[in-house]
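Only a predicted model underlies this, so the values are computations on that prediction, with no experimental measurement involved.
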Amino acid sequence: MEEKLGTYLVKNGLLTEEQLREAVKEKMDTGQRLISVLNARRYISEGKLLAQLSNLYRMEVIDLEYVIPDQKTLERIPAEKAYHYEVLPLDIKGRYLTVAMVDPTDINAIEDLRFITGKEINPMLASESSIRDALDRYYKMEKGLARVGIDAPIETKELNVEDLELLETGYDEDVEEKKLRADAEGGPVIRVVNFYIADAVNKGASDIHVEPYEKHVRIRFRIDGVLREQQAPPYNLKAGISTRLKLMAKMDIAERRLCQDGRINILVGSKMIDLRVSVIPTLYGEKIVMRILDRSSLMLDLAKLGFGEDALKKYLRSIESPYGIILITGPTGSGKTTTLYSTLSRLNSPDRQIMTIEDPVEYNLHGINQIQVHEEIGLTFSNALRAFLRQAPNIILVGEIRDSETAEIAIRAALTGHLVFSTIHTNDAPTTINRLIDIGIPPYLVSSALVLIQAQRLVRRICPQCREKIEIEAKMLERTGIPEGLLPDGMVYKGKGCTNCNHTGYKGRIGLYEVMPITPDVRALILKGASSAEIAKEVIKEGMATLHEDGIEKIKQGVTTVEELMRETVSF
């Protein structure tokens, strides 16, 4: 095979006959592979050699900078074998193990790996330097770093925090940028950044927070809606970590005075992960928050989100309306996007045209036309919504109603034969009506256009593996607003804490829902200018379960805890 490579390179004018003879002689003398000799002698650049290998063997080239194999995959090939053959295990699917290789034609290596792993080997081509860097990154990790955190010392000779801080006072910007880039591309920095991203994904986190302080860097993951502090990285990697993340998100690494936003697409194991990155300058450095969007975890089945039986029936009946506006309300992080995407997924069919305007587009939905807001060029919610109406859609999603202009266009679209979905920030369903009126929408338009308002929250689920019954005190029931006698035996469920839930007692989240259809009586109250309290009284009389009542029902079912109910709702 190597003879074929040498002949191919000479034929394509990338090597001379003399160079090939010298390279082959060195190969025979040293026992190295021909590819390694060519890279060392620099007869041909590594990039060009990789491209020729790809063409010759008709094989895909993989960029290891943007692939993070999980720990279980790495453990399939022992470190000594990985270094010996210069291979990196990437992913396991069924009986196949995908492996990055310098020389994918090395039959001895493939057969040995097949024997060691018990898997069929699917080779992929990668550059020699990238594989060597990756091997050092993953197989030379200290045991603590690979297992639970960064509690072993990390070599950081390349990085000098004092130098980075001095750059603020007089170095040329080009020099500063070069130093920042060099620090960010150092092995320890890449290793630490990749570890935190992979660890957050494996733990099911929704956000990663990187927070610089005077003498330490705090790393926190938001897991099941609650921030949890992680093992801190060495402080002298602070500048390198922020620069590395900005490079990955294609931001301006020399700009540290302004807020920036970006995105990172990365493969973690077999998962395609989209990271939405926000950077803001703080007193001691740049605070970075990364929102983890894992497409594989997106639940698009409304029945599994946590709706009660009656609430789900009301919601499903409303979303089949031919026109009108349906509003989902709740704070940031209450699952509104998941509910809307699940709804659109249910309504998506070849005979319906669905268009969305979002800020940002979090997940791509097949068969739905999604548009990203770009306010800097004038593509706002209101402008996009006006344009939508000229395209004759059946269903429109407006990511958020932020002002009277967007609200008025959305409501007028609902009155002209379109079904419109949107979100708005209010505490519960009844107060949404007065919120719309407060921002300038006349009551007659609100009453005519609204079909349904739904408020929601997310509470943590009790871990099913360590769930146990405990007795609850009468004082706690009173504080929570649970009526006496509703729990006849005075017992509730709580998670004891186990390895499955990381000893928190909780695993995953479920929604609490308050579904308020706009009935004729409610429309009459809106036209009369009724208060939120009057509207709430009417819809409760009509059978609406409040967020608090839905939470109590989930406590009775053993799904969540009293503490979670108190954290997310208030009783009346």
Side-chain angles (χ1 to χ4, degrees), residues 261-263 265 274-278 291 293 295 298 300 302 315 318-426 432 435-436 439-441 445-446 449-454 456:
D261 293 300
R263 299 187 86 137
N265 292 308
D274 190 11
L275 300 174
R276 207 169 73 210
V277 186
S278 171
R291 178 83 184 274
L293 303 176
R295 296 168 195 169
L298 180 62
L300 295 177
L302 284 167
Y315 186 73
S318 296
I319 66 174
E320 293 295 340
S321 301
Y323 53 83
I325 186 165
I326 293 172
L327 293 177
I328 310 294
T329 182
T332 301
S334 60
K336 300 188 297 295
T337 298
T338 300
T339 300
L340 286 171
Y341 279 5
S342 301
T343 303
L344 293 185
S345 181
R346 184 183 182 92
L347 295 174
N348 190 14
S349 62
D351 61 329
R352 286 175 169 145
Q353 183 184 186
I354 303 177
M355 302 183 74
T356 77
I357 175 71
E358 305 170 62
D359 184 22
V361 174
E362 294 195 6
Y363 298 97
N364 296 324
L365 300 176
H366 179 71
I368 293 176
N369 303 287
Q370 296 172 270
I371 295 175
Q372 168 86 41
V373 165
H374 288 291
E375 292 190 354
E376 63 276 10
I377 61 170
L379 185 57
T380 61
F381 280 118
S382 54
N383 289 340
L385 195 46
R386 286 193 189 93
F388 278 9
L389 300 181
R390 295 192 287 273
Q391 300 243 336
N394 302 105
I395 298 171
I396 298 171
L397 167 64
V398 182
E400 183 182 344
I401 290 179
R402 296 176 177 174
D403 51 50
S404 58
E405 185 181 17
T406 305
E408 187 170 348
I409 299 168
I411 285 177
R412 291 193 183 279
L415 292 172
T416 54
H418 305 87
L419 182 59
V420 180
F421 292 90
S422 191
T423 68
I424 192 167
H425 291 285
T426 57
T432 304
R435 168 69 177 145
L436 289 170
I439 64 175
I441 308 302
L445 285 179
V446 174
L450 277 176
V451 173
L452 175 137
I453 302 171
Q454 175 189 289
Q456 64 182 70

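Taking each heavy atom of Y363 and Q370 in turn, the nearest pair found is O-NE2, 2.8 Å. Minimum interatomic distance between Q372 and R263 (heavy atoms only, all atoms of both residues): OE1-NH1, 4.1 Å. The shortest heavy-atom contact between I441 and A407 is CD1-CB, 3.8 Å. Among all heavy-atom pairs drawn from V361 and I371, the shortest one is CG2-O, 3.7 Å. The two residues V451 and S321 make their nearest non-hydrogen contact at CG1-OG, 3.6 Å. Of all non-hydrogen atoms in A414 and V420, the two that sit nearest each other are N-CG2, 3.9 Å.
Counted by atom type alone, T406 and D403 present one or more donor-acceptor pairs between their side chains at under 3.5 Å.
For the pairing with F421, the side chain to side chain contact (heavy atoms under 4.5 Å, CB included) check across I396, T356, L344 returns one residue only, L344.
The CD atom of Q353 sits 5.5 Å away from the CG atom of N369 when rounded to the nearest 0.5 Å. Separating the CD1 atom in I354 from the CG atom in L365 is a distance of 9.0 Å, to the nearest 0.5 Å. To the nearest 0.5 Å, atoms CD (Q454) and OH (Y315) are separated by 5.5 Å. Between I411 atom CD1 and L445 atom CG the span is 6.5 Å, to the nearest 0.5 Å. The OG1 atom of T423 sits 13.5 Å away from atom CD1 of I326, with the distance rounded to the nearest 0.5 Å. With rounding to the nearest 0.5 Å, the separation of CG in N394 from OG in S349 is 8.0 Å.
One N or O on the side chain of H425 and one on the backbone of G330 form a donor-acceptor pair closer than 3.5 Å. Using a distance-only test at 3.5 Å, with no hydrogens or angles considered, a donor-acceptor pair links the side chain of T329 to the main chain of I424. The closest donor-acceptor contact from the side chain of N383 to the backbone of G378 lies under 3.5 Å.
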Could you walk me through whether R435 and L327 pass the side chain to side chain contact (heavy atoms under 4.5 Å, CB included) test, one step at a time?
CA-CA 12 Å; R435 168 69 177 145; L327 293 177; over 6 Å; no
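Between I328 and T343 there is no side-chain heavy-atom pair separated by less than 4.5 Å. Here the side chains of Q456 and T338 are not in contact, with every heavy-atom distance at 4.5 Å or above. Using a 4.5 Å cut-off on side-chain heavy atoms (C-beta onward), L450 and L436 make contact. Using a 4.5 Å heavy-atom threshold, the side chains of I357 and V373 count as touching. By the 4.5 Å heavy-atom criterion applied to side chains, N348 and H366 are not counted as neighbours. A heavy-atom distance below 4.5 Å is found between the side chains of I401 and I325. Side-chain atoms of H418 and M355, non-hydrogen and from C-beta on, never get closer than 4.5 Å to each other.
Salt-bridge formation is detected for the pair R352/E320: a Lys NZ or Arg NE/NH1/NH2 atom is positioned less than 4.0 Å from an Asp or Glu carboxylate oxygen. Under 4.0 Å is where a charged nitrogen must lie from a carboxylate oxygen, and between K336 and E400 no such pair does.
For R346, the CZ atom counts as loosely surrounded, since its 6.0 Å shell holds 12 or fewer non-hydrogen atoms of other residues, nucleotides or ligands.
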